[in-house]
Amino acid sequence: MTANDFFQIGLFVAVLLVTVKPLGAYMALVFAETPNRVTRFGARAEGLLYRLAGVRADEDMGWKRYAIAMLAFNVAGLALVYLLQRTQQWLPLNPQHFGAVEPGLAMNTAISFASNTNWQAYGGESTMSYFTQATGLAVQNFLSAATGIAVLVALVRGFVRRGADAVGNFWVDMTRATLYVLLPLSLVVALLLVSQGVVQNVSAYLDVATVQQGTQTLPMGPAASQIAIKMLGTNGGGFFNANSAHPFENPTPFSNFIEMLSIFVIPAALCYTFGSMVGDRRQGWAILATMLLIFLPLTVGLVAAEQAGNPALHGLAVDAQASALQSGGNMEGKETRFGIASSGLFAAITTAASCGAVNAMHDSLTPLGGLVPMWLMQLGEVIFGGVGSGLYGMLAFAVVAVFIAGLMVGRTPEYLGKKIEAHEMKMASLAVLIPCALVVIGTAVAVMSPAGVAGVANPGAHGFSEMLYAVSSAANNNGSAFGGLSANTPFWNVLLGICMFLARFPLAIAMLAMAGSLAAKRHVPPSAGTLPTHTPLFVTLLACVVIVVGALTFLPALALGPIAEQLMSISGH
Amino acid sequence: MIRLIRQALVMLLLMTAIVGVAYPAVIGGLGNLLFPQQAAGSLVQRDGKPVGSALIGQAFTAPGYFWGRPSATTPGPYNGASSTGSNVGPTNPALADAAKQRIAALRAADPGNTAPVPVELVTASGSGLDPEISPAAADFQVSRVARARGMDPGKVRELVAANTQGRQFGVLGEPRVNVLALNLALDRSR
């Protein structure tokens with residue numbers, strides 16, 4: 001690790017922390033129960049949308065109705081993305097005349113974008129028309145993120161409300177998340193990205209006569225608008241195949257910083273919003289502290305592994321030492337402008353959050369450098385996680401943590417003034433176990449299937465890592481890949497499509513069910529036996545629960561992949 | 001239930017109109033108004049004709065030009081229509097083999113140069129379109145370029161320095177040299 005590596009990480013965290021309170025307080029107003037200066041500002045536009053759609057904004061939905069509305073809306077979005085891909089050859093804004101996307105890939109992509117995963121078994125610049133990207137994929141980037149926020153807000157209302165039979169209105173929560181939070185932030189980020197060189201046009205690809213190469217085709221498209229929400233919505237689906245490593249998608253170190261900040265800014269601020277809504281901001285800071293407690297050491301580990309370089313090049317006449325003139329380290333799959341620090345930090349951020357955008361090829365990370373992103377996903381995407389979904393996943397872990405503490409002292413566990421009983425524990429356990437089970441079973445199925453193994457690109461333990469990474473990514477709605485895996489095959493499209501769908505919607509419904517039962521409970525005033533949940537003790541306990549679940553479930557698999565490869569690497573095989 | 005499906009469909013269409021049509025159109029309008037050069041791809045002109053983009057690397061193989069990062073795009077390097085990294089894993093023998101070939105090619109083009117090769121010149125970039133190399137990678141190539149052009153190495157080094165960008169705002173990213181800009185400057189200096 002160089003001093004610059006530490007500085008880049010520190011600078012990022014410092015700037016992130018500055019944004020938490022203002023954005024978190026603003027979102028608390030957006031989702032407040034009573035009208036306020038923020039919601040009055042857009043009330044007329046909102047009202048018009050509700051009238052056109054026949055939505056009664058004052059309808060307070062029970063958790064089941066909320067869940068059905070959420071599902072109906074997301075399935076409709078999924079169907080639209082599928083149809084757009086299948087018919088893009090007849091639709092406008094297709095200057096490269098791309099044909100219809102074949103059904104298996106189109107279905108995989110539709111599930112992928114509706115579930116906030118953005119796994120991509122295609123290359124954007126060689127597959128999707130501008131129309132498909134803007135009105136299909138980018139729209140789901142907004143709406144899947146808004147869905148995550150809506151489910152979170154409903155869950156938080158479950159803690160806040162007392163003796164209530166409803167958790168809010170899905171249409172209102174989704175609309176406000178989109179129009180008050182995601183859209184304004186996207187406008188700012190997209191323009192900043194254009195200023196740095198991200199393209200935004202609908203021109204045909206440009207053929208230029210280059211200095212020596214001959215002809216080069218420069219891809220074009222409405223990229224900046226899509227990349228802004230790709231980051232802010234923790235979606236991660238690249239406009240171009242190389243994602244945020246592509247110079248038209250992430251041209252400068254500043255655009256890279258904006259993109260990294262955009263990934264974390266909403267998940268971090270939602271912690272503050274949560275604390276604000278439950279009337280005790282310390283609760284939100286405690287959750288944020290837990291996330292940072294796990295995120296920072298893993299990030300340092302990743303950057304250190306990449307900076308140490310690849311032993312396979314040690315015997316050769318290669319200079320991989322960091323100096324004032326180069327970042328050195330393991331530069332395979334990395335871009336010069338980002339070097340080690342900005343690539344390693346990005347890799348940790350994008351997998352801690354369920355973003356999945358990449359500015360370096362994760363398949364070419366060192367074994368330990370690749371272990372960190374894989375494990376961050378396997379922890380359940382709760383270290384910041386997806387917008388909304390990261391925090392509701394972490395709250396499920398918090399429920400498990402207070403339950404374990406309750407077992408230790410023999411008292412009925414409580415969290416935020418609500419008794420945690422059998423139903424809440426069942427729902428929280430489902431939220432924790434669904435992704436774990438999908439990863440382990442999905443990887444086992446892939447390893448045992450010739451069609452699964454056929455996709456592997458790299459030999460040995462690394463080939464297993466490619467499969468483990470793919471299923472971990474899909475089953476936690478991340479979307480990044482060890483990109484060597486040939487995933488556009490019927491086997492992988494179906495397996496990963498199932499994982500993405502089951503990881504997203506059953507888990508969200510479990511959280512809404514928990515919200516419903518919590519909302520119906522009365523408030524229990526804290527007593528001498530109540531475990532305070534804003535203290536360093538609880539932060540440590542919660543972090544331990546997350547890590548123990550992740551370690552117990554995945555260490556055996558990790559030992560077969562990255563850990564075995566690391567041992568081979570240092571022993572020179 | 002029918003009411004719910006209607007709500008879902010109408011809401012989806014309204015949202016698509018707002019964030020799928022109006023929003024990218026606004027960014028397109030404002031982007032082209034405020035940053036027309038960037039929004040159109042940061043094209044670089046020579047003699048009034050575009051010769052590429054400042055942001056997209058090009059293949060240079062002549063000894064008189066600085067070479068960029070190895071590119072793993074197919075069918076050939078620096079294919080702008082199909083960006084990709086190599087996705088070669090760290091212990092894959094193909095990685096070390098490729099590095100050996102690249103070192104041999106650099107040595108063959110510059111026999112007197114025995115300095116260790118900067119790692120960026122033997123490893124493929126993430127996008128396959130990396131427009132830049134580190135100052136170390138540029139420095140390594142000065143002797144070859146100077147000899148091929150019959151130029152004073154000091155003069156070449158001056159051009160490298162003039163085309164070197166430090167960390168952005170002094171803090172972000174890494175110092176770097178834009179290969180296309182440097183090579184165009186070399187051609188102009190003839």
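A, B, ... follow the sequence lines: proteins, then strands. Residue 1 opens every chain. Values below: every heavy atom of this structure, side chains too, minus hydrogens, waters and symmetry copies.
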> Is it the backbone or the side chain of A:Leu191 that comes under 4.5 Å from a heavy atom of chain B, or both, or neither?
Replying inline: both
> Side chain, backbone, both or neither: which part of A:His246 has a non-hydrogen atom closer than 4.5 Å to chain B?
Replying inline: both
> Among A:Ser364, A:Ala461, A:Gly339, who wins on heavy-atom pairs under 4.5 Å with chain B?
Replying inline: A:Ser364
> Does the cation-pi check pass for B:Arg176 over A:Phe338, that is, NZ or CZ under 6.0 Å from the six-membered ring centre and within 45° of its axis?
Replying inline: no
>> Please classify the contact of A:Ser203 with chain B as side chain, backbone, both or neither, using a heavy-atom distance under 4.5 Å.
In response: neither
> Using the ring of each side chain (for Trp, its six-membered ring), is A:Phe257 parallel, tilted or perpendicular to A:Phe12, with breaks at 30° and 60°?
Replying inline: perpendicular
> Where does A:Thr336 contact chain B at under 4.5 Å (heavy atoms): side chain, backbone, both or neither?
Replying inline: both
> Rounded to the nearest 0.5 Å, how far does CZ of B:Phe169 lie from CZ of A:Phe254?
Replying inline: 5.0 Å
> Does B:Arg144 make a cation-pi contact with B:Trp67 (under 6.0 Å, within 45 degrees of the axis)?
Replying inline: yes
> Does any heavy atom of chain A fall under 4.5 Å from the side chain of B:Leu13, the backbone, both, or neither of them?
Replying inline: neither
>> Taking side chain as everything from C-beta outward and backbone as N, CA, C, O, which of these in A:Leu11 sits under 4.5 Å from a heavy atom of chain B? Side chain, backbone, both or neither.
In response: side chain
>> Which one wins on heavy-atom pair count under 4.5 Å against chain B: A:Gln566, A:Glu335, A:His362, A:Gln226?
In response: A:Glu335
>> Please classify the contact of A:Leu193 with chain B as side chain, backbone, both or neither, using a heavy-atom distance under 4.5 Å.
In response: neither
>> Quick check on B:Pro70 against chain A: is it the side chain, the backbone, both or neither that has a heavy atom closer than 4.5 Å?
In response: neither
